[in-house]
Visitor: 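Take this structure first; my questions come after.
Keep in mind that this is a model prediction, so the values were computed, not measured.
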Amino acid sequence: MSSDYILTLSCPDRPGIVAAVSGLLAEHGCNILESQQYGDTATGRFFMRVQFTAPGDVTEDGLRAGLAALAPEFALDWRLHDAATRTRVLILVSKAGHCLNDLLYRQRSGLLDIDIVAVASNHPDLRPLTQSYGIDYHHLPIGPGGKPAQEAEILTLVEHYRADLVVLARYMQVLSDDLCGKLPGRIINIHHSFLPSFKGARPYHQAHARGVKLIGATAHYVTADLDEGPIIEQEVARVDHTHGPGDLMAVGRDMECLALARAVRWHGEHRVLLNGDKTVVFR
């Protein structure tokens with residue numbers, strides 16, 4: 001029985017990379033279903049994503065051995081994913097439930113090919129919503145031990161549920177440098193795109209006072225630099241003078257849901273490759 005795989009890689013750009021990779025797959029009798037590549041002239045890096053079908057007599061170990069043998073020649077940084085294995089996601093939230101509700105609905109409806117394994121929050125408010133989908137909810141308040149103790153509990157959940165990805169679905173806590181360092185490229189956050197223009201409290205009220213004409217949201221990977229991690233997706237909508245702060249917030253919530261859902265889906269489909277402070281997204 002055949003199996004589908006997704007290969008992602010990056011390396012210094014040079015002639016022959018595509019030929020070598022496709023040749024290796026052909027030697028194993030694989031059929032390429034989708035192939036995308038990009039050469040970044042600014043950094044000299046080459047990026048590639050290949051989805052392919054391998055015949056039943058070709059094992060994943062055999063493919064990995066072939067790629068490992070090819071890697072030194074091109075200095076490949078590569079990952080091989082079984083396409084049938086869904087990304088396991090732990091969601092962190094606070095009190096706002098719109099992004100959580102959207103992700104839960106999309107996953108149940110088959111619009112997101114991921115497994116939401118659990119939800120954790122520093123507040124108890126969204127337990128009923130989460131449990132209505134049959135998903136575990138963990139209340140992790142910041143207690144006497146402070147944020148280090150609470151973040152240790154988050155890491156325990158990541159390990160317990162074997163989570164591949166942590167999604168901050170309007171989680172209103174700043175993650176420590178230590179936690180970010182332990183999960184590089186594995187945490188996605190969503191925030192309004194007013195940052196850094198409208199920092200601090202009540203950003204939509206600040207935006208209204210300045211008469212903004214665009215409402216937006218940005219989904220990005222989390223790094224130690226607050227809200228400055230590599231951007232995966234952005235969404236915008238036009239507004240005008242008739243929109244009050246409440247209207248702006250409503251539009252903003254919709255934009256946050258759309259941008260976050262796309263980012264999570266693309267990450268789960270292994271379409272996002274890190275390129276320094278940027279990303280390459282093979283949509």
Side-chain angles (χ1 to χ4, degrees), residues 1-11 13 16-39 45-91 103-104 106-118 133-135 158-167 183-188 221 232-233 261-275 279-283:
M1 184 176 179
S2 62
S3 300
D4 286 357
Y5 295 94
I6 299 169
L7 170 66
T8 57
L9 62 87
S10 67
C11 62
D13 201 358
I17 302 167
V18 174
V21 172
S22 58
L24 173 66
L25 296 179
E27 289 173 9
H28 285 78
C30 300
N31 182 41
I32 293 176
L33 304 175
E34 179 183 329
S35 180
Q36 295 170 287
Q37 51 270 337
Y38 169 69
R45 296 288 294 179
F46 176 83
F47 301 84
M48 188 173 185
R49 178 188 185 273
V50 185
Q51 186 166 351
F52 62 93
T53 296
D57 59 344
V58 174
T59 66
E60 183 174 337
D61 287 343
L63 290 169
R64 290 185 179 277
L67 288 164
L70 180 65
E73 179 180 355
F74 295 94
L76 299 181
D77 180 8
W78 60 274
R79 302 286 186 276
L80 183 66
H81 313 275
D82 185 337
T85 301
R86 288 154 62 102
T87 298
R88 299 174 62 82
V89 178
L90 169 67
I91 298 178
L103 292 173
L104 291 170
R106 289 175 188 268
Q107 191 273 327
R108 173 173 284 185
S109 302
L111 301 174
L112 276 177
D113 194 23
I114 61 171
D115 287 328
I116 299 175
V117 294
Y133 282 85
I135 294 173
V158 171
E159 295 172 3
H160 174 74
Y161 287 100
R162 295 177 289 111
D164 305 301
L165 177 68
V166 176
V167 175
L183 298 171
R186 294 175 57 193
I187 309 174
I188 293 178
Y221 286 117
I232 305 170
E233 173 63 340
R262 289 193 194 118
V264 171
R265 177 164 63 87
W266 292 336
H267 179 97
E269 294 175 352
H270 310 292
R271 296 185 179 277
V272 187
L273 282 70
L274 287 170
N275 182 18
T279 62
V280 173
V281 183
F282 290 123
R283 289 185 264 183

Visitor: Are side-chain heavy atoms of Leu183 and Val166 found at a separation under 4.5 Å?
Guide: yes
Visitor: Tell me whether Arg88 contacts the main-chain N or O of Tyr161 through its side chain, where contact means a donor paired with an acceptor under 3.5 Å.
Guide: yes
Visitor: Taking the six-membered ring for Trp and the single ring otherwise, decide whether the centroids of His267 and Tyr221 are under 6.0 Å apart.
Guide: yes
Visitor: Spell out, as yes or no, whether a donor-acceptor pair under 3.5 Å connects the side chain of Arg186 to the backbone of Ala163.
Guide: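 Flag set: sc Arg186 to bb Ala163 pair under 3.5 Å.
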Visitor: Do the side chain of Gln36 and the main chain of Arg283 share a donor and acceptor less than 3.5 angstrom apart?
Guide: yes
Visitor: Could you go step by step and tell me if Trp266 and Phe282 meet the side-chain contact (heavy atoms from CB on, under 4.5 Å) rule?
Guide: CA-CA 8 Å; Trp266 292 336; Phe282 290 123; over 6 Å; no
Visitor: Testing the basics here: between Leu63 and Cys30, what is the closest heavy-atom pair and its distance to 0.1 Å?
Guide: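 Here Leu63 and Cys30 meet closest at CD2-SG, 4.0 Å.
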Visitor: Enter the distance from Asn275:CG to Phe46:CZ here, rounded to the nearest 0.5 Å.
Guide: 12.5 Å
Visitor: Provide the closest heavy-atom pair for Gly62 versus His28 in the form atom of the first, atom of the second, distance.
Guide: O-NE2, 3.8 Å
Visitor: I'd like to know if the side chain of Gln107 and the backbone of Asp113 have a donor-acceptor N/O pair within less than 3.5 Å.
Guide: no
Visitor: Checking side chain to side chain contact (heavy atoms under 4.5 Å, CB included) between His270 and each of His81, Arg79, Gln51, which is the one that passes?
Guide: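 Only one of His81, Arg79, Gln51 forms a side chain to side chain contact (heavy atoms under 4.5 Å, CB included) with His270, namely His81.
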Visitor: Are Asp164 and Arg162 close enough for a salt bridge, meaning some N to O gap below 4.0 Å?
Guide: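 Answer for the salt bridge query: no.
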Visitor: side-chain contact (heavy atoms from CB on, under 4.5 Å) for Leu165 and Ile188? Distances and angles first, verdict last.
Guide: CA-CA 8 Å; Leu165 177 68; Ile188 293 178; 3.9 Å; yes
Visitor: Looking only at non-hydrogen atoms, find the nearest pair between Leu274 and Phe47 and report the distance.
Guide: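 Heavy-atom minimum between the residues: O-CE2, 3.5 Å.
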Visitor: Are side-chain N/O atoms of Thr8 and Arg49 paired as donor and acceptor at under 3.5 Å?
Guide: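 Absent: no donor and acceptor within the cut-off.
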Visitor: Compare every heavy atom of Ala75 with every heavy atom of Cys11, then report the nearest pair and how far apart it is.
Guide: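 In terms of heavy atoms, the two residues are closest at CB-O, 3.5 Å.
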Visitor: Answer yes or no: is there a donor N or O on one side and an acceptor on the other, between the side chain of Ser22 and the main chain of Ala19, under 3.5 Å?
Guide: yes
Visitor: In sequence, state the C-alpha distance, the side-chain angles, and the governing distance for Asp115 and Val89, and then conclude on side-chain contact (heavy atoms from CB on, under 4.5 Å).
Guide: CA-CA 6 Å; Asp115 287 328; Val89 178; over 6 Å; no
Visitor: Do Asn31 and Thr53 have a side chain donor and acceptor closer than 3.5 Å?
Guide: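 No.
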Visitor: Rounded to the nearest 0.5 Å, what separation is found between the CG atom of Leu273 and the CG atom of Asp77?
Guide: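 It is 8.5 Å, given to the nearest 0.5 Å.
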Visitor: Check Arg86 with Glu269, please: is the shortest side-chain N to carboxylate O separation under 4.0 Å?
Guide: no
Visitor: Specify the closest pair of heavy atoms between Ala261 and Leu103, including all atoms of both residues, with the distance to one decimal.
Guide: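 Smallest heavy-atom distance, with atoms named: CA-CD2, 4.1 Å.
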Visitor: Taking atom CD1 of Ile116 and atom CD1 of Ile135, what is their separation to the nearest 0.5 Å?
Guide: 5.0 Å
Visitor: Please report the shortest heavy-atom distance between Val264 and Ile114, naming the atom on each side.
Guide: CG1-CD1, 3.8 Å
Visitor: Do Gln37 and Ser35 have side-chain heavy atoms sitting under 4.5 Å apart?
Guide: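 Side chain of Gln37 against side chain of Ser35, heavy atoms only: contact under 4.5 Å found.
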Visitor: For a side-chain contact (heavy atoms from CB on, under 4.5 Å) check, start with the C-alpha distance between Trp78 and Val21, then their side-chain angles and the critical distance, and finish with the verdict.
Guide: CA-CA 11 Å; Trp78 60 274; Val21 172; over 6 Å; no
Visitor: What distance do Phe52 atom CZ and Ser3 atom OG have between them, rounded to the nearest 0.5 Å?
Guide: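 Separation between the atoms: 10.0 Å.
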Visitor: By the definition side chain to side chain contact (heavy atoms under 4.5 Å, CB included), identify the one residue from Leu25, Val18, Ile6, Leu33 that meets it with Val50.
Guide: Leu25
